[in-house]
Amino acid sequence: MSGARIAAWIRGHWKIENQLHHVRDTMFAEDASTIRTGHLPRVMAGLRNLAISVCRQDGRTNIAAATRHNARHPGRPLAALGWT
């Protein structure tokens, strides 16, 4: 395996970490969550991923601002998905 390929793999790993896991932890305090039993941790992670994906699909790059914006009018995420 070449050095360039290893570097590309590492960059890909950190891209996922920075775009998803870091956002889930800082915006939704995922690491501090007390949900630890059954399927609920996976369900909550999926809901957090959905919320982040809807914001990104709507063209938002600042997830914190998008979350605050959507919290004021709960119908906005549904409109962004074309469900209303």
Side-chain angles (χ1 to χ4, degrees):
M1 188 180 274
S2 70
R5 189 165 178 178
I6 292 171
W9 181 83
I10 291 170
R11 280 192 303 275
H13 168 77
W14 284 106
K15 181 179 180 182
I16 293 169
E17 178 66 30
N18 291 333
Q19 285 186 340
L20 184 61
H21 298 132
H22 178 72
V23 173
R24 281 190 353 206
D25 188 36
T26 56
M27 276 302 306
F28 301 108
E30 188 173 57
D31 287 348
S33 176
T34 58
I35 299 171
R36 306 225 191 284
T37 59
H39 296 290
L40 284 178
R42 183 172 286 179
V43 170
M44 289 304 297
L47 291 172
R48 291 178 189 115
N49 288 343
L50 176 65
I52 293 167
S53 297
V54 168
C55 292
R56 291 199 195 281
Q57 180 181 338
D58 200 25
R60 305 296 189 117
T61 56
N62 186 336
I63 303 302
T67 303
R68 287 189 300 270
H69 180 73
N70 290 333
R72 289 185 200 102
H73 301 281
R76 285 183 180 153
L78 297 176
L81 292 170
W83 290 358
T84 59

Peer 1: Could you list the residues that satisfy salt bridge (charged side-chain N to carboxylate O under 4.0 Å, His left out) with R48, not counting sequence neighbours?
Peer 2: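 R48 satisfies salt bridge (charged side-chain N to carboxylate O under 4.0 Å, His left out) with E30 only.
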Peer 1: Got a second to check how far F28's CZ is from T67's OG1, nearest 0.5 Å?
Peer 2: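 It is 4.5 Å, given to the nearest 0.5 Å.
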Peer 1: Taking a hydrophobic cluster as the set of Ile, Leu, Val, Met, Phe, Trp and Tyr residues connected by side-chain heavy atoms closer than 4.5 Å, whether directly or through intermediates, do L50 and I52 fall within one such cluster?
Peer 2: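 They do not share one cluster, since no chain of ILVMFWY contacts under 4.5 Å joins L50 to I52.
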Peer 1: Looking only at heavy atoms, which two atoms of S33 and R36 are closest? And how far apart?
Peer 2: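 Minimum heavy-atom contact is O-NH1, 2.8 Å.
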Peer 1: Between D25 (side chain) and D31 (backbone), is there a donor-acceptor pair under 3.5 Å?
Peer 2: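 Checking the backbone N and O of D31 against the side chain of D25, a donor-acceptor pair under 3.5 Å is found.
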Peer 1: More than 12 heavy atoms of other residues, nucleotides or ligands under 6.0 Å from CZ of R5: yes or no?
Peer 2: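 Result for CZ/R5: open.
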Peer 1: How long is the gap from CZ on R11 to CG on N18, to the nearest 0.5 Å?
Peer 2: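 One finds 13.5 Å between CZ of R11 and CG of N18.
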Peer 1: Tell me whether the count of non-hydrogen atoms from other residues, nucleotides or ligands lying under 6.0 Å of NE2 in H13 goes above 12.
Peer 2: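 It does: H13 NE2 has more than 12 such atoms within range.
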Peer 1: Can you get from L47 to V54 by hopping between Ile, Leu, Val, Met, Phe, Trp and Tyr side chains that sit under 4.5 Å apart?
Peer 2: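 Each belongs to a different hydrophobic cluster.
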Peer 1: So, using side chain to side chain donor-acceptor pair (under 3.5 Å) as the criterion, who are the partners of H22 when residues are at least two apart?
Peer 2: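 Residues passing side chain to side chain donor-acceptor pair (under 3.5 Å) with H22: none at all.
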Peer 1: Hey, does R60 have a side-chain heavy atom less than 4.5 Å from the side chain of N70?
Peer 2: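 They are not in side-chain contact.
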Peer 1: The test is side-chain contact (heavy atoms from CB on, under 4.5 Å); show your working for V23 and R56 and say whether it passes.
Peer 2: CA-CA 12 Å; V23 173; R56 291 199 195 281; 3.9 Å; yes
Peer 1: Within a strict 4.5 Å, meaning less than it, do heavy atoms of the L81 and Q57 side chains meet?
Peer 2: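 Yes, side chains in contact.
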Peer 1: If you measure from CD on Q19 to CD1 on I63, what distance do you get to the nearest 0.5 Å?
Peer 2: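 Reported value, rounded in 0.5 Å steps: 9.5 Å.
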